[in-house]
Amino acid sequence: MRLALLLAAALAAISANLAQAAPDVRLAPELLAENLSLPVALTAPAGDPRLFVVEQTGRIVILADGKRTETPFLDISSKVSSGNEQGLLGLAFHADYASNGRFFVDYTDRGGTTKIVAYKVSADPNVADPASATELLSIKQPFANHNGGWIAFGPDGLLYVGMGDGGAGGDPGKRAQNPSELLGKILRIDVNGGAPYAIPPGNPFAAGGGAPEIFALGVRNPWRNAFDGDHLIIADVGQDKWEEISTIPLAQPGANLGWNRIEGPACFGAATCDRTGLIAPIYSYAHADGGCSITGGQVYRGKAIPELAGQYFFADFCAGFVRSFAIADGKAGEVTDWTPALGVGAITSFGTDAAGELYITSIEGNLFRITRAK
């Protein structure tokens with residue numbers, strides 16, 4: 001596991017050094033699918049050419065060879081609460097999916113509780129087995145918003161889950177800074193080491209002092225995170241003034257991103273605040289400058305557009321802008337504005353296929369692939 005992290009870090013460092021300047025390339029969105037039902041995520045198993053699109057209303061659909069399969073891969077719409085920020089929100093495939101058929105979803109049930117559930121594929125590779133459902137986590141949500149929903153495997157083979165602070169506004173329950181609460185955190189569990197999971201010994205509260213599943217603290221509503229090398233990039237939706245992007249090393253569990261003591265670069269609700277031990281964002285933008293809800297993205301690691309290597313793409317759901325920058329030594333590089341080329345509406349997520357190529361989903365029900373302009 002440590003060797004894999006070191007190799008990933010080395011590759012990321014090389015790419016970052018090559019990608020500090022604004023990329024000299026013209027881009028265009030290629031429309032792949034329309035009329036999706038609130039698409040909020042896209043991913044693919046390792047080595048698999050298919051695209052799996054998560055619909056907030058409760059289905060996962062497959063695009064194979066450019067065409068949507070007739071039957072959904074998974075349909076749990078009867079189990080899911082939808083509307084506002086609730087619904088089926090995340091999907092992660094096990095690294096050994098090709099041999100074990102395991103995948104994991106994050107959704108809010110009819111009562112609004114967050115569920116992390118494992119499934120297996122059926123004998124038909126395009127259809128999951130609904131009877132294989134195994135619940136891993138059940139997390140009560142006091143309000144309907146700020147559910148997080150991101151779920152992904154890291155390069156260390158562990159499963160990470162992004163949890164919002166429980167909702168309302170301003171984190172009234174002070175949950176994000178409470179180590180006994182799973183809300184307002186990034187969680188990390190080992191789905192290979194126990195039933196239904198084991199606690200990684202490196203988690204900050206594995207031996208006590210807080211909830212053992214916690215990996216990082218102090219997030220408000222992390223809406224789409226990404227791994228790059230040995231780092232996790234977190235895009236956290238702000239309250240009413242700032243949107244922010246932070247990065248933390250996987251080898252340094254226990255990082256505190258500061259909510260609700262700080263929002264972006266500023267103290268929240270006070271002129272001064274104690275910033276001791278808090279991780280400052282590497283990039284933030286003010287609502288006063290446009291935008292109101294960040295959509296975190298991905299670092300481009302594909303091969304079709306080498307000029308983009310190392311560029312981290314993100315968007316704002318309200319303003320519709322698309323931007324990117326490279327990350328090196330924990331700092332954001334020059335920001336490139338791609339909105340004239342890639343502003344395709346209210347962007348809900350960025351995703352990557354098995355080859356590392358980059359895709360965009362929009363609330364209007366569209367799926368785009370980012371391509372080189374002709």
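The shown structure was predicted, so the numbers you read here are calculated from the model rather than taken from an experiment.
In this structure the side chain of Ile248 reaches within 4.5 angstrom of the side chain of Ile234, judged on heavy atoms. When side chains are defined from C-beta on, Leu36 counts as touching Val53, because their heavy atoms get closer than 4.5 Å. Using a 4.5 Å heavy-atom cutoff, the side chains of Leu89 and Tyr107 are not in contact. Side-chain atoms of Ser77 and Glu55, non-hydrogen and from C-beta on, never get closer than 4.5 Å to each other. Between Val117 and Leu136, the closest side-chain pair of non-hydrogen atoms is not below 4.5 Å. Between Asp236 and Leu257, the closest side-chain pair of non-hydrogen atoms is not below 4.5 Å. When side chains are defined from C-beta on, Arg224 counts as touching Val40, because their heavy atoms get closer than 4.5 Å. A heavy-atom distance below 4.5 Å is found between the side chains of Ile60 and Val105.
Using a 4.0 Å cut-off between charged nitrogen and carboxylate oxygen, Glu307 and Arg372 count as a salt-bridge pair. Between Asp65 and Lys67 there is no salt bridge, since no side-chain nitrogen of the basic residue lies less than 4.0 Å from a carboxylate oxygen of the acidic one. Ion pairing of Glu263 with Lys241 is absent here, as no side-chain N (NZ or NE/NH1/NH2) approaches a carboxylate O to less than 4.0 Å. With respect to Arg301 and Asp228, a salt bridge is recorded, a charged nitrogen being found less than 4.0 Å from a carboxylate O.
Checking Tyr283 against Arg323 by side-chain atom types alone, a donor-acceptor pair falls below 3.5 Å. Checked by atom type, the side-chain pair Ser324/Trp338 shows a donor-acceptor distance below 3.5 Å. In this model, no donor atom of one side chain and acceptor atom of the other lie less than 3.5 Å apart for Asp171 and Gln177. No hydrogens or angles considered: a donor-acceptor pair under 3.5 Å links the side chains of Ser37 and Thr57. Looking at His94 and Asn192, their side chains do bring a donor and an acceptor atom within 3.5 Å of each other. Ser122 and Asp124 form no side-chain donor-acceptor contact under 3.5 Å, judged by distance and modelled atom types alone. If you check the side chains of Tyr197 and Glu213, you find a donor sitting under 3.5 Å from an acceptor.
Taking both residues in full, the closest heavy atoms of Gly297 and Phe350 are given as CA-CD1, 3.6 Å, listed atom of the first, atom of the second, then distance. For Trp150 against Ile186, the heavy-atom pair with the smallest separation is CZ3-CG2, 4.5 Å. Between Ile189 and Pro200 the shortest heavy-atom distance is CA-CD, 3.9 Å.
When atom types are taken as modelled, the side chain of Thr247 and the backbone of Gly330 share no donor-acceptor pair closer than 3.5 angstrom. When atom types are taken as modelled, the side chain of Lys120 and the backbone of Ala131 share no donor-acceptor pair closer than 3.5 angstrom. In terms of modelled atom types and a separation under 3.5 Å, the side chain of Thr348 and the main chain of Pro39 share a donor-acceptor contact. Distance alone, capped at 3.5 Å, places no donor-acceptor pair between the Ser81 side chain and the Gln86 backbone. In terms of modelled atom types and a separation under 3.5 Å, the side chain of Lys174 and the main chain of Asn260 share no donor-acceptor contact. For the pair Glu85 (side chain) and Asn145 (backbone), a donor-acceptor distance under 3.5 Å is absent. Although no hydrogens or angles enter the test, the distance criterion places no donor-acceptor pair under 3.5 Å between the side chain of Asp165 and the main chain of Ala176. A donor-acceptor contact shorter than 3.5 Å is absent between the side chain of Asn203 and the backbone of Phe205. Between the Asp353 side chain and the Gly356 main chain, a donor and an acceptor come within less than 3.5 Å of each other. In this structure, Asp316 contributes its side chain and Cys292 its backbone to a donor-acceptor pair below 3.5 Å.
Cation-pi check for Arg220 over Trp259 is met; the charged atom lies under 6.0 angstrom from the ring centroid and within 45 degrees of its normal.
Cluster membership for Leu31 and Val322, using ILVMFWY side-chain heavy atoms within less than 4.5 angstrom, is shared. Note: the hydrophobic cluster containing Phe268 does not contain Leu217 (ILVMFWY, side chain heavy atoms under 4.5 Å, direct or indirect links). Cluster annotation: Phe368 is connected to Leu342 through the hydrophobic network of ILVMFWY side chains, with a link wherever side-chain heavy atoms come within less than 4.5 Å. Both Ile76 and Val121 are assigned to one and the same hydrophobic cluster, defined by single-linkage of ILVMFWY side chains at heavy-atom distances under 4.5 Å.
Using a 30° and 60° split on the angle between ring planes, Tyr285 and Phe314 fall in the parallel class, below 30°. Ring-plane geometry between Phe103 and Phe73 is classed as tilted, the angle between the planes lying from 30 to 60 degrees on a 0 to 90 degree scale.
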### Message
Run the side-chain contact (heavy atoms from CB on, under 4.5 Å) test on Val299 and Ile233 for me, step by step, so that the C-alpha distance in whole Å, both residues' side-chain angles and the decisive distance to 0.1 Å come before the verdict.
### Response
CA-CA 9 Å; Val299 176; Ile233 305 168; 3.6 Å; yes
### Query
Which is it for Glu30 and Thr371 under the side chain to side chain donor-acceptor pair (under 3.5 Å) test, yes or no, and what are the steps along the way?
CA-CA 7 Å; Glu30 177 187 1; Thr371 64; 5.0 Å; no
### Message
Please determine whether side chain to side chain donor-acceptor pair (under 3.5 Å) holds for the pair Thr113 and Ser138, giving the CA-CA distance in whole Å, both sets of side-chain angles, and the decisive distance to 0.1 Å.
### Response
CA-CA 7 Å; Thr113 296; Ser138 179; 5.2 Å; no
### Message
Walk me through whether Leu187 and Ile214 qualify under side-chain contact (heavy atoms from CB on, under 4.5 Å).
### Response
CA-CA 4 Å; Leu187 311 181; Ile214 291 173; 4.2 Å; yes
### Task
Apply the test side-chain contact (heavy atoms from CB on, under 4.5 Å) to residues Arg275 and Ile262: give CA-CA distance (whole Å), side-chain angles for both, the deciding distance (0.1 Å), then the verdict.
CA-CA 8 Å; Arg275 298 170 181 261; Ile262 59 174; 4.0 Å; yes
### Task
With ring pair (Phe, Tyr, Trp, His ring centres under 6.0 Å) as the test, would you mind laying out the steps for Tyr160 and Phe227 before giving the verdict?
CA-CA 10 Å; Tyr160 290 73; Phe227 294 103; 5.0 Å; yes
### Query
How far apart are the C-alpha atoms of Phe153 and Phe104, what are their side-chain angles, what is the distance that settles it, and do they pass the ring pair (Phe, Tyr, Trp, His ring centres under 6.0 Å) test?
CA-CA 10 Å; Phe153 282 93; Phe104 302 78; 5.5 Å; yes
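For the atom pair CG of Leu91 and CG of Asp106, the computed distance is 10.5 Å after rounding to the nearest 0.5 Å. Here the straight-line distance linking atom CG of Leu42 with atom CZ of Phe52 works out to 10.0 Å at 0.5 Å rounding. We find the SG-CZ distance between Cys267 and Arg261 to be 9.5 Å, quoted to the nearest 0.5 Å. Taking CZ of Phe215 as the reference point, atom CG of Leu232 lies at 6.5 Å (rounded to 0.5 Å). Rounded to the nearest 0.5 Å, atoms CG (Asn225) and CD1 (Ile151) are 12.0 Å apart. Here Glu34 contributes atom CD and Ser362 contributes atom OG; the two are 9.5 Å apart, rounded to the nearest 0.5 Å.
When each of Asp156, Val161, Ile199 is paired with Arg188, the side chain to side chain contact (heavy atoms under 4.5 Å, CB included) condition holds for Asp156 and for no other.
Within a 6.0 Å sphere centred on CD of Glu135, heavy atoms belonging to other residues, nucleotides or ligands number more than 12. Counted within 6.0 Å of CG on Asp240, heavy atoms from surrounding residues, nucleotides or ligands total more than 12; the atom is thus considered enclosed.
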